Protein chains: 2
Amino acid sequence: MTQELFAKYSFLLDRTARKVKQYAQHQFKTGEFDVTVDQWLVLKNLSENELLSQTELANLVFKDHPTLTRIIDLLCKKGYVERVPHPQDRRSFQLLLTESGSAKVSALKPKILEIREKAWENLTTRDFEEFKRILDTIYQNLDCQIGEE
Amino acid sequence: MTQELFAKYSFLLDRTARKVKQYAQHQFKTGEFDVTVDQWLVLKNLSENELLSQTELANLVFKDHPTLTRIIDLLCKKGYVERVPHPQDRRSFQLLLTESGSAKVSALKPKILEIREKAWENLTTRDFEEFKRILDTIYQNLDCQIGEE
DNA sequence: TACCAATAGTTAGTATGACAAATATAAAAA
DNA sequence: TTTTTATATTTGTCATACTAACTATTGGTA
């Protein structure tokens with residue numbers, strides 16, 4: 001039975017995901033990027049889609065609402081993002097990159113692509129396709145299962 | 001240039017790793033396992049290697065020392081693990097599973113293998129080999145890079 | 001012996017992640 | 001119109017991750 005073997009995927013996955021984040025975070029720090037890896041993900045998505053609500057953004061980046069609230073708090077404090085009251089719905093905000101935020105995204109984008117490339121040394125486009133297929137399959141297998149007992 | 005494409009691996013990886021942990025944690029909670037996913041990883045490794053020091057265990061599970069200190073604190077509080085003073089080195093401890101800890105490992109092991117299988121539906125042994133190869137390559141590419149600027 | 005660098009572990013601070021519960025507002029139903 | 005239900009966001013709590021700094025101890029060396 002290969003049950004035991006398969007069971008290791010969770011360990012390998014977790015270990016590698018942490019390493020990837022750790023490596024990037026270290027480069028971010030060395031380069032004085034002034035944002036964390038997760039804050040960058042949020043900034044990048046805001047630069048590609050303006051006037052999102054927090055809920056819309058949360059769905060894009062796959063983070064839950066409390067986490068996103070806190071990340072946005074920090075980005076606002078740093079002056080990269082603003083919460084603009086939604087004109088029709090007083091419960092929600094429209095998120096806006098400030099000038100400083102836009103400048104930050106432009107400045108960091110190429111550097112971050114370069115950092116991200118490092119992990120992919122010795123791997124091919126085909127590897128990427130396989131990797132993506134497997135990750136997506138795992139995600140699908142586990143998604144929406146919570147709630148049915 | 002496929003740079004932008006490759007850059008997505010970090011997002012996919014992080015997203016999937018979180019989903020895997022979240023799914024398992026939910027099952028742990030439903031089954032009243034009384035441990036978290038990370039606590040389980042530590043317990044399992046202790047059951048396979050007794051009398052480890054915290055440093056040795058940290059290397060096995062790829063967690064840093066402060067994180068491990070806290071996980072072990074919690075496992076001690078729950079009565080599953082004991083810190084025994086090292087006979088030759090008063091700085092360090094030997095970690096020991098209690099009877100209750102051993103019983104917990106035996107009880108949970110089969111249930112957790114079952115939970116872990118869910119993610120692997122629609123995927124093959126060959127997929128697993130590919131997956132492992134790619135994850136390990138990424139890990140190697142980024143390991144030991146921290147420190148050289 | 002006295003100093004000093006290395007090692008084992010802990011503590012503190014900040015960020016993220018998950019979950020539950022609370023608040024405010026909006027929309028639907030009675 | 002009042003009540004109910006749903007939605008958007010925030011707050012609180014606990015666990016994990018990473019960094020830096022700290023304590024205690026060990027081992028080497030002058």
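What you see below is based on every heavy atom in this structure, not just the backbone, and it leaves out hydrogens, waters and symmetry mates. The structure displayed is predicted, hence computed values, not measured ones.
- B/D64 comes within 4.0 angstrom of a base, heavy atoms only.
- Look at NE2 on A/H86: it is 9 Å from P on D/dT9, rounded to the nearest Å.
- Positionally, the nearest nucleotide of DNA chain C for B/Q94 lies more toward the 5' end than for the other of B/Q94 and A/F62.
- To the nearest angstrom, P of C/dA15 lies 12 Å from CZ of A/R70.
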What are the atom names and distances for every N/O pair under 3.5 Å that joins the protein to nucleotides 1-7 of chain C?
residue	atom	partner	partner atom	Å
C/dT7	O2	B/R91	NH1	2.6

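- For A/Q25 and A/D73, each mapped to the nucleotide of DNA chain D holding its nearest heavy atom, the one lying further toward the 5' end belongs to A/D73.
- The nearest whole Å value for the distance from the CG atom in A/L41 to the C1' atom in C/dA15 is 15 Å.
- In this structure, A/L74 reaches the sugar-phosphate backbone alone: every heavy-atom distance under 4.0 Å involves primed, P, OP1 or OP2 atoms, never a base.
- Legend: ring-ring contact (aromatic ring centres under 6.0 Å, His included) pairs involving residues 87-120 of chain B, not counting sequence neighbours, sorted by first then second residue: A/F6-B/W120, A/Y9-B/W120, B/W120-B/F128, B/W120-B/F131.
- Using a distance-only test at 3.5 Å, with no hydrogens or angles considered, no donor-acceptor pair links the side chain of B/K21 to the main chain of B/V37.
- Computed from coordinates, the A/L52 CG to D/dT9 C1' distance equals 15 Å when rounded to whole Å.
- In this structure, the CD atom of B/E56 is 14 Å from the C1' atom of C/dG9, given to the nearest Å.
- Side chains of A/Q39 and A/T36 form a contact here, defined as non-hydrogen atoms less than 4.5 Å apart.
- The side chain of A/T36 sits closest to C/dT16 out of D/dT10, C/dT16, C/dG17.
- For B/K132, the NZ atom sits in a loose shell: 12 or fewer heavy atoms of surrounding residues, nucleotides or ligands are nearer than 6.0 Å.
- For B/S53, the side-chain atoms get nearest to C/dG9 when compared with the rest of D/dC18, D/dT9, C/dG9.
- Between B/F28 and B/F33, the ring-plane angle classifies as tilted under the 30° and 60° cut-offs.
- Side-chain proximity of A/P66 to C/dA26, D/dT11, D/dT19: nearest is D/dT11.
- The distance between atom CG of A/D38 and atom P of C/dG17, rounded to the nearest whole Å, is 4 Å.
- Mapping B/Q39 and A/K29 onto DNA chain D by nearest heavy atom places B/Q39 closer to the 5' end of the strand.
- Contact of the A/K44 side chain with the A/L108 side chain is not registered, since no non-hydrogen atoms from C-beta on lie closer than 4.5 Å.
- Side-chain contact between B/E82 and B/Q94 is absent, with no heavy atoms from C-beta onward closer than 4.5 Å.
- Residue contacts for A/R18: at a heavy-atom cut-off of 4.0 Å it reaches the sugar-phosphate backbone alone, with no base atom in range.
- Side-chain N/O atoms of A/Y80 and A/D34 include a donor and acceptor closer than 3.5 Å.
- Listed nucleotides C/dG17, C/dT10, D/dT10 differ in distance to A/F93; the shortest reach to its side chain belongs to D/dT10.
- Note: CD (A/Q22) to P (C/dA15) measures 18 Å, nearest angstrom.
- Here C/dG17 is the nucleotide among C/dG9, C/dG17, D/dA15 with the atom lying nearest to any side-chain atom of A/K63.
- Checked against C/dC19, C/dT16, D/dT16, the side chain of A/T67 finds its nearest nucleotide in C/dT16.
- Across all strands, A/T69 comes closer than 4.0 Å to base atoms (heavy-atom distances).
- As judged by a 4.0 angstrom heavy-atom cut-off over every strand, B/L68 is placed among residues making no nucleic acid contact.
- Side-chain to base pairing of B/R90 with D/dG27: no donor and acceptor N or O lie closer than 3.5 Å to each other.
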